[in-house]
Number of protein chains: 2
Amino acid sequence: MPATPGVPAATVGRLVTYLRLLTAMEERGVRTTSSDELAGRSHVSAFQVRKDLAYFGRFGTRGAGYTVATLRRELRRILGLTRPWNVAIMGMGRLGQALADYPNFDEYDFRLVAAFDADPAKAGLPAGGLFVEGLEVLPARATELTIDLAFLTVPGPAAQAAADALVAAGIRGILNFAPAVLEVPPHVHVEPVDLMAGLKRLSYHVVARAEDDAA
Amino acid sequence: MPATPGVPAATVGRLVTYLRLLTAMEERGVRTTSSDELAGRSHVSAFQVRKDLAYFGRFGTRGAGYTVATLRRELRRILGLTRPWNVAIMGMGRLGQALADYPNFDEYDFRLVAAFDADPAKAGLPAGGLFVEGLEVLPARATELTIDLAFLTVPGPAAQAAADALVAAGIRGILNFAPAVLEVPPHVHVEPVDLMAGLKRLSYHVVARAEDDAA
DNA sequence: TATTGTGAACCGGTTCACAGCG
DNA sequence: CGCTGTGAACCGGTTCACAATA
């Protein structure tokens, strides 16, 4: 079993893209593909595709390319998507509610198993087939349900305290929607998904390109 | 006026973080700060902070640090956040609806000015103070309202066609929530914000760390 | 003295050329 | 012959040491 040391974070992001393409190909009944085709649809070079895959093994046939079903299965395994993941939502504001109702979690066995909010007034409210629970039951529920991951959807100023509670409860990965840089121990991974930050990066790039055009 | 050539994308992302910290400091009444303090709160090195800023000019005082208000103003200018941005939502499913109701757009003058959906049945429905409109009026409304940016919140298979329509209507930046790599002309910038992709990256990293711990 | 600003060294990820192999 | 797999070159971003200066 490869220990996969030193894989660039950018490679992991591209693997997710390749997997999406392979899934679409399989649905369309496509049997085989090539680094060239994956590259074209991902907007990267074929070198890059092959190098990304080479971090984890050899999955193709020289002269022939890749079998869609095989490569897809391997990428699922590499990305950890062959096992179920129990996910909780922390913070049931608008965004938390929207995520609770999001229909696509069951894709690859992500299971929404709990929803928490610090506000006692929200306890008991329905949320995507579940009921909102108070923070005080998080530790017990995390153990009972074996919660693996959490969506952090609390306001920025509350984010660090909420993250601390999740870490104390044994969560190992946080998808962070809050506008904050979280402090977590090394065994916990944080993946930022910051809407307003994305909007501000967009603002910069649009202005920069307009200036390029002018020049 | 600096043409700001060759600024790394990662730098732009960090500038957004610095700006957020400076805004919080200003609200707390803090007058001055240092590259060291910004670095600590952003989880980067002080070298990195100074290098990031150096792409755009010299904003500090040697021996004393940075004036919070001044640096904040400069970062807003650099990021293009001193002018208003007119934003439209394309795709009024659950996510589009949630975004329309999102309360924080007015921060830095992002103005939600229109909401579109390809489904005629959705036309006229309320959406965050607006009413959903059909795709056929997009070109006219884009000109009339001078729409700058768009949130793309349609299903993956519909994303490219929707992006094409936005580009044809003159939009210059797309915040892409759809699981798809978009094909756009060079004067249009796409910033991906892919929820499920973030979740899959998280899956990989959590598995990888568990293996590290085992080893 | 304290902290910024920056040219140079360093390093890691991307690119490449080509070897390996169906 | 075609396409994958990979060691080596390259390049861009990060790190660093130190010069500049309030």
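Within every chain, numbering begins at 1; the chains are lettered A, B, ... in the order of the sequence lines, protein sequences first and strands thereafter. The figures here come from the full heavy-atom set of this structure, side chains too, leaving out hydrogens, waters and symmetry mates.
Of the candidate nucleotides C:dG5, C:dT15, C:dG13, C:dT15 has the atom nearest to the side chain of A:K51. Here C:dT3 is the nucleotide among C:dT14, D:dT14, C:dT3 with the atom lying nearest to any side-chain atom of B:S34.
Distance CG (B:L38) to P (C:dG5): 12 Å, rounded to an integer number of Å. Rounded to a whole Å, the NE2 atom of B:H43 is 17 Å from the P atom of D:dT14. For the pair B:Q48 CD and C:dC11 C1', the interatomic distance rounds to 14 Å; values are reported in whole Å. Atom CZ of B:F47 and atom P of D:dC16 are 6 Å apart (whole Å). Here the P atom of nucleotide C:dG22 and the CZ atom of A:F59 are 17 Å apart, to the nearest Å. With rounding to whole Å, B:R50 atom CZ is found 15 Å from D:dT14 atom P. Atoms CD (A:E74) and P (D:dG5) sit 11 Å apart, rounded to a whole Å. Atom CG in B:D36 sits roughly 11 Å away from atom C1' in C:dA2 (whole-Å rounding).
Using a 4.0 Å cut-off between charged side-chain N and carboxylate O, A:R50 and A:D52 make no salt bridge.
Residue-level contact check: B:A46 touches neither bases nor backbone, having no heavy atom under 4.0 Å from any strand.
In this structure, B:F116 has its ring center no closer than 6.0 Å to that of B:F151.
Side-chain N/O atoms of A:S45 include one lying less than 4.0 angstrom from OP1 or OP2 on C:dT15. Residue A:S35 places at least one side-chain N or O under 4.0 Å from the OP1 or OP2 atom of D:dT4.
Place B:R58 and A:P8 on DNA chain C by their nearest nucleotides, and B:R58 ends up nearer the 5' end.
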- prompt: A:I174 and A:L182: side-chain contact (heavy atoms from CB on, under 4.5 Å), yes or no, with the steps?
  reply: CA-CA 10 Å; A:I174 297 176; A:L182 300 178; 4.2 Å; yes
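For B:R62 against C:dT4, a side-chain N or O and a base N or O form a donor-acceptor pair under 3.5 Å.
Of the listed residues (A:L79, A:V44, A:L71), just one forms a side chain to side chain contact (heavy atoms under 4.5 Å, CB included) with A:Y18, and that residue is A:V44.
A:Y204 and B:F56 have perpendicular rings, their planes meeting at more than 60° on a 0 to 90° scale where under 30° would count as parallel.
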